[in-house]
Student: 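Have a look at this one.
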Amino acid sequence: MKKLLNINNLKDHVFDGMSIMVGGFMVVGTPEFIVDELVNIGVKDLTLICNDAGLPGKGIAKLITNGQVKTLIASHIGLNPEAGQLMSAGKMECILIPQGTLAERIRAGGAGLGGILTPTGIGTIVEEGKQIINTNGKDFILELPLRADLAILEGTTVDEYGNVVYTKTTRNFNPVMATATDLVIVGAREIIKRIDPDNVMTPHIFVDYVIKEEL
Amino acid sequence: MKKLLNINNLKDHVFDGMSIMVGGFMVVGTPEFIVDELVNIGVKDLTLICNDAGLPGKGIAKLITNGQVKTLIASHIGLNPEAGQLMSAGKMECILIPQGTLAERIRAGGAGLGGILTPTGIGTIVEEGKQIINTNGKDFILELPLRADLAILEGTTVDEYGNVVYTKTTRNFNPVMATATDLVIVGAREIIKRIDPDNVMTPHIFVDYVIKEEL
Amino acid sequence: MDKLQTRNFIAARVAKEFKDNDVVNLGIGLPTLVANFLPDDITINLQSENGLIGLGPKPNEVNFDRDITNAGGQPVTLLEGGMYFDSTLSFSIIRGGHVDVTVLGSLQVDETGSLANWIIPGKMVPGMGGAMDLVTGAKKVIIAMTHTNKGRPKILKACTLPLTAKNQVNMIVTEMGVMAIKEDGIHLIEYNPEYTIEEIKNATEANLIVNEPIKMKVEV
Amino acid sequence: MDKLQTRNFIAARVAKEFKDNDVVNLGIGLPTLVANFLPDDITINLQSENGLIGLGPKPNEVNFDRDITNAGGQPVTLLEGGMYFDSTLSFSIIRGGHVDVTVLGSLQVDETGSLANWIIPGKMVPGMGGAMDLVTGAKKVIIAMTHTNKGRPKILKACTLPLTAKNQVNMIVTEMGVMAIKEDGIHLIEYNPEYTIEEIKNATEANLIVNEPIKMKVEV
């Protein structure tokens with residue numbers, strides 16, 4: 001399989017100060033074994049974009065605990081108290097974004113849009129510093145596209161071409177993040193010959209490398 | 001099955017002057033048997049929203065030929081010469097929209113967005129009368145959401161709950177249109193007990209009625 | 001009523017608001033309990049913003065699946081007819097008005113239907129998660145919460161904490177009563193006969209419009 | 001060369017522009033012929049905006065499937081490894097810069113890289129289809145067309161027809177030569193030795209920058 005990458009070579013594709021989107025929702029759909037390797041590598045000053053801050057001792061929480069994260073962009077950090085503490089202590093910047101807006105901004109980044117207009121956050125501090133645009137008599141916030149250097153995603157099933165299927169609620173942010181970064185690395189639970197062409201969730205053209213998880 | 005509708009009762013859900021989105025791309029993915037019934041019913045002054053104008057004698061071309069269409073909103077009408085003739089003769093209004101913008105506008109209509117910023121059409125007549133917004137140093141056209149009263153879609157496989165799968169290239173505009181109209185009617189080639197929950201393309205909450213195609 | 005009874009009482013009353021085929025999103029905490037009181041005679045489609053419709057009860061040892069969780073990250077099951085989707089479609093459903101009712105807890109609600117439930121500056125910064133999208137997009141927003149916080153009113157003339165959304169709440173259900181938020185303010189439409197109208201007014205900072213409220217009937 | 005030979009000659013030259021793993025979208029008409037000349041030693045992923053990647057050759061009687069067509073509505077096949085998707089993802093791929101090369105025909109192209117190929121007011125109104133998104137979003141835009149229309153130049157100082165996009169064309173391939181459009185204008189980088197440079201210049205309204213062009217080598 002052409003796109004197969006050995007986890008030991010992950011280090012060749014990361015650098016200090018880079019931005020990384022990590023798939024998953026409360027660690028469900030996060031390829032923990034790849035995140036663990038980022039901890040081993042020790043790459044630092046990261047900007048992480050993820051739905052949340054992981055759970056204590058699980059997922060991207062490990063990168064946060066290890067002091068590798070400079071900025072976290074997420075919708076919710078409540079289930080990882082350490083994230084809130086580091087944020088309050090000024091040791092980690094934390095940018096909170098409504099979950100639907102986070103999804104749309106990443107989608108805009110992948111889809112070549114210059115932004116989207118959302119009603120979410122109107123009349124709240126979310127609108128501060130942003131352009132408000134009225135269409136059809138209603139106010140919307142102009143939210144800008146979000147992209148990153150690297151996406152780390154969990155594919156349940158990947159085929160030999162690099163097509164990906166995400167099972168059940170592991171899907172969440174994975175497919176949209178696949179479209180919005182310069183490099184996409186998928187951690188695969190299993191690799192099969194071919195996924196039914198109707199059921200592919202991330203087409204292989206988005207996938208640069210596949211790392212097989214040792215189960 | 002709760003949502004099953006007899007084709008003879010389609011007439012109860014249509015009215016003169018209504019707007020209808022019709023799925024399909026050059027008739028592939030268009031439920032022709034439902035469009036044929038709209039011809040039988042004779043509902044008129046329609047605003048049709050469809051990728052194209054169908055093919056002569058097929059799909060929405062029949063509604064156009066029958067004089068039932070007041071306005072056609074599409075990206076391409078070249079394969080149905082009659083549409084261009086009616087447009088030039090002033091007998092049918094025709095609003096041409098870039099295909100990607102058409103998809104995004106329908107998506108915005110279904111997703112509660114106030115609009116999206118696209119680079120497509122900048123510097124062309126497509127931008128006329130529209131707001132140009134500069135983000136990150138680049139100009140984009142603000143395109144507004146598009147919705148309709150009714151969607152007529154072709155589901156290849158529909159389950160007893162109303163979940164839908166579209167096969168191969170019949171998918172095209174069908175899933176996005178399912179999100180953007182007040183009423184959604186799906187023409188089903190086959191009805192099965194249950195679709196794999198990972199493979200549902202249109203969740204049943206979007207589907208109001210299912211009409212079984214007689215094959 | 002002890003704390004659990006109070007929570008169940010509120011949850012059971014909220015569950016009576018749903019209609020057949022409603023798409024409903026239940027927030028974390030008290031609103032999650034509403035799932036235990038859904039009426040048997042109608043179909044309710046529970047949506048979870050992490051990507052499913054057809055949320056079923058907690059799994060047992062046999063049907064536990066680590067790949068099926070709710071928006072709180074807790075293991076759940078999928079009911080027959082349910083399905084999974086990604087975060088963009090999930091929030092198209094939410095923002096696009098395809099959720100009929102969302103039920104959320106709150107720290108504060110006010111007379112204009114604004115609510116605050118995502119941050120206490122300097123103290124608690126969990127983030128808004130999907131709450132801002134839910135209250136903005138859902139057709140009906142119900143706040144399910146205790147009427148006061150250690151005796152201090154949570155239903156205010158104007159929220160003092162940073163808002164989750166402006167003018168979006170339609171109904172408040174507490175252990176004291178059911179309130180509808182309309183153009184002219186908060187109407188007490190049902191009251192728990194364990195409390196007098198005066199007690200309820202005293203526990204509420206906002207002006208309560210009281211016009212022949214009926215007694216709350218809840219079987220827990 | 002007769003008309004078909006000319007078209008094949010242009011298509012064969014365009015096919016030499018692709019690199020391994022490129023995602024390529026071929027427009028209707030002459031560009032479709034490019035598929036017949038793809039190099040064997042690299043993998044090209046043909047995208048079709050109606051919703052597939054992995055466009056294969058026309059079907060025969062055995063593998064014909066009415067549910068698989070290209071953007072022209074013609075029956076096609078799907079290669080192994082290919083997949084289907086809906087129109088929103090298709091145009092996220094196109095607009096989002098995930099298509100490496102798009103090849104389109106055109107009525108006019110000009111010195112600034114603007115092109116016009118979707119409407120002749122009063123005469124022909126096919127609509128832009130996906131062309132505007134393709135030329136705006138693809139990393140490289142190649143125009144494949146005959147150099148002139150009944151002797152009238154199509155490569156102009158400035159397009160006179162309504163534009164499909166401004167400043168987006170990177171390369172023009174005709175039966176006369178290969179031209180690269182850069183900041184300072186149109187460079188003739190290859191020429192067909194069947195024509196003199198003077199003949200090519202005369203068939204071109206735009207100023208052609210000619211700086212040691214090489215001979216086109218195309219095996220049809």
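Values below: every heavy atom of this structure, side chains too, minus hydrogens, waters and symmetry copies. Values in this document were obtained by computation on a predicted structure and should not be read as measured data. Below, read A as the first sequence line, B as the second, and so on, with proteins coming before strands; counting in each chain starts at 1.
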Student: Roughly how far, to the nearest 0.5 Å, is CG of B/L153 from CG of B/N174?
Tutor: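 The CG atom of B/L153 is 5.0 Å from CG of B/N174, to the nearest 0.5 Å.
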Student: Given B/K168, which partner from the list D/D67, D/D86, D/D65 fulfils the salt bridge (charged side-chain N to carboxylate O under 4.0 Å, His left out) test?
Tutor: D/D65
Student: Can you name the one residue among D/E175, D/K154, D/K3 that meets side chain to side chain donor-acceptor pair (under 3.5 Å) with D/T146?
Tutor: D/K154
Student: Is it true that, when you exclude D/K166 itself, more than 12 heavy atoms of the residues, nucleotides or ligands shown sit nearer than 6.0 Å to its NZ?
Tutor: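 Not more than 12 within 6.0 Å, no.
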Student: So which residue, B/R171, B/M26, B/R107, ends up with the most heavy-atom pairs under 4.5 Å with chain D?
Tutor: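 Most pairs with chain D among the choices: B/R171.
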Student: Tell me, side chain or backbone of D/S48 under 4.5 Å from chain B's heavy atoms, or both, or neither?
Tutor: neither
Student: Are B/T30 and B/E154 close enough, and set up right, to give a side-chain hydrogen bond (donor to acceptor under 3.5 Å, both in side chains), and what steps lead you there?
Tutor: CA-CA 5 Å; B/T30 300; B/E154 184 185 57; over 6 Å; no
Student: Give, for atom OG1 of D/T112 and atom CD of D/Q168, the distance between the pair rounded to the nearest 0.5 Å.
Tutor: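 Rounded to the nearest 0.5 Å, the OG1-CD separation comes to 10.0 Å.
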Student: Are there over 12 heavy-atom neighbours, none belonging to B/K212, within less than 6.0 Å of that residue's NZ?
Tutor: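 Result for NZ/B/K212: enclosed.
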Student: Quick one: which of B/D149, B/T71, B/D182 gives a side chain to side chain donor-acceptor pair (under 3.5 Å) with B/S19?
Tutor: B/D149
Student: Quick check on D/I68 against chain B: is it the side chain, the backbone, both or neither that has a heavy atom closer than 4.5 Å?
Tutor: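 Backbone plus side chain of D/I68, per the 4.5 Å heavy-atom cut-off to chain B.
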Student: Heavy-atom pairs under 4.5 Å with chain D are the metric here; pick the option from B/T124, B/T118, B/I125, B/N51 that has the most.
Tutor: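 With the most close heavy-atom pairs to chain D, the winner is B/T124.
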Student: Where does D/S87 contact chain B at under 4.5 Å (heavy atoms): side chain, backbone, both or neither?
Tutor: both
Student: Are there more than 12 heavy atoms of other residues, nucleotides or ligands under 6.0 Å from atom NZ of D/K16?
Tutor: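 Buried by this count: over 12 neighbours within 6.0 Å.
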Student: Quick check on B/T156 against chain D: is it the side chain, the backbone, both or neither that has a heavy atom closer than 4.5 Å?
Tutor: neither
Student: Given B/I195, which of B/V164, B/N163, B/V158 fulfils the side chain to side chain contact (heavy atoms under 4.5 Å, CB included) condition?
Tutor: B/N163
Student: Take atom NZ of B/K130 as the centre, draw a 6.0 Å sphere, and report whether it contains more than 12 heavy atoms from other residues, nucleotides or ligands.
Tutor: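 Buried by this count: over 12 neighbours within 6.0 Å.
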Student: Please assess D/N8 against D/Q5 for the test side-chain hydrogen bond (donor to acceptor under 3.5 Å, both in side chains), listing each intermediate value before the final yes or no.
Tutor: CA-CA 5 Å; D/N8 280 333; D/Q5 284 173 320; over 6 Å; no
Student: How many angstroms lie between CG in B/N172 and CZ in B/F25, if you round to the nearest 0.5 Å?
Tutor: 7.5 Å
Student: Which region of B/R105, side chain (C-beta onward) or backbone (N, CA, C, O), has a non-hydrogen atom less than 4.5 Å from a non-hydrogen atom of chain D, or is it both or neither?
Tutor: neither
Student: Please state whether the side chain, the backbone, both or neither of D/S90 comes within less than 4.5 Å of a heavy atom of chain B.
Tutor: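 No part of D/S90 comes within 4.5 Å of chain B.
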Student: Out of D/V125, D/V135, D/L134, return the one with the most heavy atom pairs under 4.5 angstrom to chain B.
Tutor: D/V125
Student: If I take atom CD from residue D/Q108 and atom CG from residue D/L115, how far apart are they, to the nearest 0.5 angstrom?
Tutor: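 Between D/Q108 CD and D/L115 CG, I get 9.5 Å after rounding to 0.5 Å.
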Student: By a 4.5 Å heavy-atom criterion (distance strictly below it), what part of D/N167 contacts chain B: side chain, backbone, both, or neither?
Tutor: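 No part of D/N167 comes within 4.5 Å of chain B.
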Student: Heavy-atom pairs under 4.5 Å with chain B - which of D/A116, D/G51, D/S92, D/G129 has more of them than the others?
Tutor: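 Max contact count across the listed options: D/G129.
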Student: Sort out for me which of D/P126, D/S114, D/A71 touches chain B most, counting heavy-atom pairs under 4.5 Å.
Tutor: D/P126
Student: Report, in residue-number order, which members of residues 76-100 of chain B are under 4.5 Å from chain D by heavy-atom distance.
Tutor: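 B/H76, B/I77, B/G78, B/L79, B/M87, B/L96, B/I97, B/P98, B/Q99, B/G100 fall under the 4.5 Å cut-off.
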Student: Sub-4.5 Å heavy-atom contacts with chain B: which residues of residues 22-31 of chain D show up?
Tutor: none
Student: List the atom of B/P31, the atom of B/G23, and the distance in Å for their closest heavy-atom pair.
Tutor: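 Looks like CD-O, 4.5 Å.
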Student: Would you compute the distance between atom CE of D/M145 and atom OG1 of D/T6 and round it to the nearest 0.5 angstrom?
Tutor: 14.0 Å
Student: Quick one: what part of B/V126 sits under 4.5 Å from any heavy atom of chain D, side chain, backbone, both or neither?
Tutor: side chain
Student: Is D/Y84 in contact with chain B via its backbone, its side chain, both, or neither, using a 4.5 Å heavy-atom distance?
Tutor: both
Student: Using a 4.5 angstrom heavy-atom cutoff, name the option from D/V76, D/I94, D/T136 with the most pairs to chain B.
Tutor: D/T136
Student: Rounded to the nearest 0.5 Å, what's the gap from CZ on D/R7 to OG1 on D/T32? Could you check?
Tutor: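 That separation rounds to 8.5 Å.
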